[in-house]
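Notes to accompany the following structure.
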Number of protein chains: 2
Amino acid sequence: MPPEKNTPTPAEWKVLKLLFDLGPSAARDLIAAAERAHGWSASTVKTLLRRLTDKGHVEAQAVGSSYLYRATRPAHRAFRDEADRLLANSAPGALGSLLQYLVKKSRLSKDELDELRALIDAQREERER
Amino acid sequence: MPPEKNTPTPAEWKVLKLLFDLGPSAARDLIAAAERAHGWSASTVKTLLRRLTDKGHVEAQAVGSSYLYRATRPAHRAFRDEADRLLANSAPGALGSLLQYLVKKSRLSKDELDELRALIDAQREERER
DNA sequence: TTCCGTGGTCTACATTTGTAGACGGGCGGC
DNA sequence: GCCGCCCGTCTACAAATGTAGACCACGGAA
């Protein structure tokens, strides 16, 4: 169980995503990015940032008179949680086709494909035994 | 763009999931299942069912004096939409490891693994060219 | 020293979501 | 033919969410 229980809401995710993209950032940059990306007002971003820190997804590190915001967990961890939600919902039978869809759609690089293939082979071995 | 715009809320998903599991069902069965699975009252299920039909995820086919509820799109389609949301959020770099995680965690059957592997090989070919 | 821009905090408010009771009508049993 | 049960609809209402203004303090520019 991850320490963070409250998953981010969709709007919060968007801010989180910006944080992932920009890396640890000052409010001004996040606000600018959110304005550009979603047309949000500064206030909106501030609120979402507060809620994210409340929920523990974002950490506000005091720097001078203001904060540097950073995601508390790395992007891949956060996405993983999302993925878990997906699995939790998905019916067992539908899973295979779901993954196929994802692989097709996500246009992985050759290296990534190789890794994935290796993983699959390993799993197949396991099934053999 | 799928016809359905409003994605189901988490609670709605739970009902949808029950519908997928049970197949087209009468209210009584859904209510019973939801009671068992989530401890919900009949009213709650009814409301969620209404909202789902409003949003177009569920279709209420009149049968006698009541309805037979059925999901408007097959499970795999619905999950696919969820998966799309996931991809939309996920940063490109993180995708590979995300899929690995999913494959590992979802414990596919040998057949499913084979299919997935075939798909990956196909993609690799494509990268070659 | 004064003023302004930024950033943070408070407050606000409409909407959506989660959860559920009340009510009226029909059908199946007695 | 009357009764109760089950169903669908209406209504309710608290909490979460989306979106944002008001206000205040401080640090830097002038």
Side-chain angles (χ1 to χ4, degrees), chain A residues 4-19 22 24-70 78 81-82 85 88-89, chain B residues 4-19 22 24-70 78 81-82 85 88-89:
Chain A
E4 337 295 344
K5 229 21 321 206
N6 287 5
T7 45
T9 69
E12 284 162 7
W13 255 102
K14 292 188 184 157
V15 172
L16 209 46
K17 175 90 186 307
L18 292 176
L19 249 189
L22 301 180
S25 313
R28 121 182 93 274
D29 299 320
L30 288 169
I31 288 174
E35 155 69 45
R36 233 175 308 121
H38 312 292
W40 283 343
S41 84
S43 272
T44 299
V45 182
K46 294 180 196 176
T47 301
L48 292 174
L49 235 20
R50 175 168 53 72
R51 289 181 183 163
L52 280 168
T53 52
D54 284 351
K55 290 186 180 178
H57 300 292
V58 163
E59 187 178 58
Q61 179 185 15
V63 165
S65 64
S66 67
Y67 294 123
L68 185 67
Y69 296 95
R70 64 176 68 242
D81 290 347
E82 277 291 283
R85 289 202 324 98
N89 276 335
Chain B
E4 337 295 344
K5 222 39 300 220
N6 286 5
T7 45
T9 69
E12 285 163 6
W13 255 102
K14 292 188 184 155
V15 173
L16 208 45
K17 174 94 186 303
L18 291 176
L19 249 189
L22 301 181
S25 313
R28 128 183 84 275
D29 300 320
L30 287 169
I31 288 174
E35 156 69 44
R36 235 175 307 120
H38 313 291
W40 285 341
S41 83
S43 273
T44 299
V45 182
K46 294 180 197 174
T47 301
L48 292 175
L49 234 22
R50 177 169 49 73
R51 289 179 184 165
L52 280 168
T53 50
D54 285 351
K55 291 186 178 177
H57 301 291
V58 164
E59 186 179 58
Q61 178 185 16
V63 166
S65 66
S66 67
Y67 294 123
L68 185 67
Y69 296 95
R70 64 174 68 246
D81 290 346
E82 277 289 285
R85 290 202 323 97
N89 276 335

OG1/A:Thr7 to CD/A:Glu12 distance, rounded to the nearest 0.5 angstrom?
8.5 Å
Any N or O donor-acceptor pair under 3.5 Å from the base of C:dG5 to the side chain of A:Arg28?
no
Rounded distance in Å - CG (A:Asp54) to P (D:dG18)
15 Å
Going from CG on B:Leu48 to OG on B:Ser43, what distance comes out if it is rounded to the nearest 0.5 angstrom?
10.5 Å
dist A:Leu30:CG -> A:Tyr69:OH (nearest 0.5 Å) comes out at 8.0 Å
note: A:Tyr67, atom OH; D:dC26, atom P; distance rounded to Å ~ 13 Å
When the distance from CG of B:Leu68 to P of D:dG8 is rounded to whole Å, what number comes out?
10 Å
Nucleotide D:dA20, atom C1' - distance to CH2 of A:Trp40 in whole Å:
12 Å
Under 4.0 Å, heavy atoms only, any strand: does B:Arg50 hit a base, just the sugar-phosphate, or nothing?
base
Nearest to the side chain of A:Arg51, heavy atoms from C-beta on, is which of D:dG8, D:dG18, C:dG8?
D:dG18
How many Å lie between CD on B:Glu12 and C1' on D:dA16, as a whole number?
14 Å
Less than 4.5 Å apart, any side-chain heavy atom of A:Arg36 and any of A:Leu18?
no
Rounded to the nearest Å, what distance is computed from the CG atom of residue B:Leu49 to the P atom of nucleotide D:dC7?
11 Å
Sub-3.5 Å donor-acceptor pair from the side chain of A:His57 to the main-chain atoms of A:Asn6, do we have one?
yes
Looking at A:Ser66, does any N or O in its side chain come under 4.0 Å of the phosphate oxygens OP1/OP2 on C:dT6?
no
If you look at every heavy atom in B:Pro8 and B:Lys55, which pair is closest and at what distance?
CA-NZ, 4.4 Å
Rounded to the Å, how far apart are B:Lys46 NZ and D:dC10 C1'?
11 Å
CH2 of B:Trp13 versus P of C:dG18: gap in Å, rounded?
14 Å
If only side-chain N and O atoms of B:Lys14 are considered, is one of them under 4.0 Å from the OP1 or OP2 phosphate oxygen of C:dT19?
no
As a test of reading the structure: which of C:dG7, D:dT19, D:dT9 is closest to the side chain of A:Thr44, going by heavy atoms?
D:dT19
DNA chain D: stems of at least 3 consecutive Watson-Crick or G-U pairs, cut-off 3.5 Å?
C:1-30 with D:1-30
Among D:dA20, C:dG8, D:dT17, the one nearest A:Ser41 by side-chain distance
D:dA20
A:Lys14 side, atom NZ; A:Thr9 side, atom OG1 - distance, nearest 0.5 Å:
9.5 Å
Phosphate OP1/OP2 of D:dG8 contacted by B:Tyr69 side-chain N/O (<4.0 Å)
yes
